[in-house]
Student: 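Right, I'll just put the structure down here and ask away after.
Numbered from 1 within each chain, the chains take letters A, B, ... in sequence-line order.
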Amino acid sequence: MQRHAVRSKASPDQNAPVVSGSGVGKTFASGTVIALEDAGFSVPKGRFNSLVGPSGCGKSTLLRLISGLIEPTSGSLQVHGEEVTKPRQDVAMMFQRATLLEWRTAIENVLLPSEIGGRVTSEDRTRAMELLKLVGLGDFAFSFPAQLSGGMQQRVALARLLQTGADVLLLDEPFGALDEFTRERLNVELLRIVTEIEATTIFVTHNIAEAIFLADEVYVMTPRPGRIAKIIDVPFDRPRELSIQTSPEFNHLVEEARDILGAH
Amino acid sequence: MKTPFAGHALSLTRLLPHLALFGTLILAWEIAVRTGLIQSIMVPKPSTIFAAIVELYFVKGTIWYHFFVTLTEAVAGFIIGAAIAIALAVGSSLSDAFRRYVSPYAVVLNVTPGIALTPVIIAWFGFGMGSKIALAAVISFFPIFVNTLTGLTQTDTDREELFRSIGASRVQIFTRLRVPAALPLLFAGLKIGLTTALIGAVVAEFAQATEGVGVLMSRFSFQLNMGASIASLLSMTLIGLILFYSMEFLDDRMVFWRREERREAVSRKRARAWKRRG
Ligand SMILES: Nc1ncnc2c1ncn2[C@@H]1O[C@H](COP(=O)(O)OP(=O)(O)OP(=O)(O)O)[C@@H](O)[C@H]1O
Ligand SMILES: [Mg+2]
């Protein structure tokens, strides 16, 4: 299996954070909505972190800040040790909605990042086809989004995310609109892929169990103003079996997160 | 969103009742005139119109020259109006300042009845085809401008952020996102504009001209030759149909992702192209 990630230059210090922020705040233009306040965090290479919290607590805002789509009102953010000022090649984002272009076939949608980056090479094309097979859509490469189900569209978006070759992946409730079975399967698949390409991942969800099952660390966020209330360390080894979700340790972590969210 | 007029296979069984209704109406009309229920000076018999059609279109063929004059005027006017409308809409969508300068004129042009400009335009451009083309261009401009601008300025924040997140430039966002997303509305505007252009050409011909279907029709009306007058009118209908369905066809080709069958056809074509490239 070919490796997809653009490698960060061999980092001498394995523990140097790939993504970090301190005192990050965002107030929207009106000045009345504090979407995010004083967020501090640090994600080492290859880690999978999740953000969990109720609607409106600033999860999407934090991801958009890290991706460089919007600028923080206060504090600072770094990716690979560099201050984030605009979208970067090595950071890719998957949105809450599939955001496919309906006039492009699945494979053409996957190829969009390559096309934006310059000329599409035959390696790009081969990789796009491999990624579609990886997400189980090899037979639908030439279908238009209107011919695909919601779950299939999200999988195309996932393939497109991986096609960027970025090693920092930001996923905003990627499978939130899907049924539980499909979501669980895609989550397991996602974990396998990001482990294989050693990507550093931040995954947004409002499902506590999902957040814990997937992540090495869970950032629990609370609203008004949006804050990272607590960082919970998840001690389970990878790869993880779905069955850990019934273990007492797991349920203890769920309780812990629920307490923080419930207190608000 | 489906294109409402294209792609319906007309089966004979579906067509039959329509033909029956049409035939009945024509027959009733013929009888009404023959029995003197309607004055035949003002309203000709269908058979008279039919005779005029045979003469104008097939025996003498006089209509065709005028037919092509009017068709040319409408199409030329439409192309000029559309080119200006699209250029200004693109400019307005790219720059707010540009839009602020353009839109008052566009609005004034819209609220002023375009047809009322006929005498002025004839004074400027003369009795020939020039004035017909100019009026067609003027009145087809606005619907195309408004639809194109609306299409280009629709905001889809998520998709725009997707493009920005993969490092797309403003030009790339415009050509790969805004333009394709605007195509359905652009074509809606073009369809309205094309029909409007025909109105412009014909009205200008009525006002002052030496050739064109409008001239022919008013000439026959003055001679109280109502059969030939209506036969001429039908050629305008024919022009209208040709123009509308050509644009409808182009729309269906360009906005292929809207209709199921077209999507599948294009999807198969792209799969073949991919395999050829290996
Ligand atoms: N562009 C914007 N302009 C003004 N306010 C905004 C904007 N984007 C977000 N907000 C506000 O910031 C707050 C956080 O929004 P955000 O989208 O980050 O929430 P979220 O945690 O992702 O919620 P959800 O789970 O519903 O997606 C909300 O109160 C929202 O109203
Ligand atoms: Mg959100």
Student: For B:Glu161, which atoms come within 4.5 Å of any heavy atom of chain A: side chain, backbone, both, or neither?
Tutor: both
Student: Shortest non-hydrogen contact from B:Gly214 to B:Thr70?
Tutor: N-OG1, 4.4 Å
Student: For B:Val266, is it the side chain, the backbone, both or neither that has a heavy atom under 4.5 Å from a heavy atom of chain A?
Tutor: both
Student: Using atom types as modelled and distance alone, determine if a side-chain donor or acceptor of B:Arg164 lies under 3.5 Å from a backbone N or O of A:Leu69.
Tutor: yes
Student: Who wins among A:Ser67, A:Pro145, A:Gly68, A:Pro87 for the most heavy-atom pairs under 4.5 Å with chain B?
Tutor: A:Pro87
Student: Name the option with the most non-hydrogen atom pairs under 4.5 Å to chain A; the candidates are B:Ala168, B:Ala181, B:Gly167, B:Pro180.
Tutor: B:Pro180
Student: Give, as side chain, backbone, both or neither, the part of B:Leu183 having an atom under 4.5 angstrom from any heavy atom of chain A.
Tutor: neither
Student: For A:Arg160, which atoms come within 4.5 Å of any heavy atom of chain B: side chain, backbone, both, or neither?
Tutor: side chain
Student: I'd like to know if A:Glu102 and B:Arg159 make a salt bridge, using a cut-off of under 4.0 Å between side-chain N and carboxylate O.
Tutor: yes
Student: Checking B:Arg268 against chain A: side chain, backbone, both or neither under 4.5 Å from a heavy atom?
Tutor: neither
Student: Measure from NZ or CZ of B:Arg262 to the centre of the six-membered ring of B:Trp257, then state whether that distance is under 6.0 Å and the direction lies within 45° of the axis.
Tutor: no
Student: Is it true that, when you exclude A:Glu71 itself, more than 12 heavy atoms of the residues, nucleotides or ligands shown sit nearer than 6.0 Å to its CD?
Tutor: no
Student: Between A:Ile70, A:Thr105, A:Leu112, A:Leu100, which shows the greatest number of heavy-atom pairs under 4.5 Å with chain B?
Tutor: A:Leu112
Student: Would A:Lys26 count as a cation-pi partner of A:Phe28, with NZ or CZ less than 6.0 Å from the six-membered ring centre and within 45° of the ring normal?
Tutor: yes
Student: Using a cut-off of under 4.5 Å on heavy-atom pairs, state which of A:Arg104, A:Glu108, A:Met94, A:Gln96 scores highest against chain B.
Tutor: A:Glu108
Student: Is a salt bridge present between B:Arg263 and B:Glu260, judged by a nitrogen-to-oxygen distance below 4.0 Å?
Tutor: yes
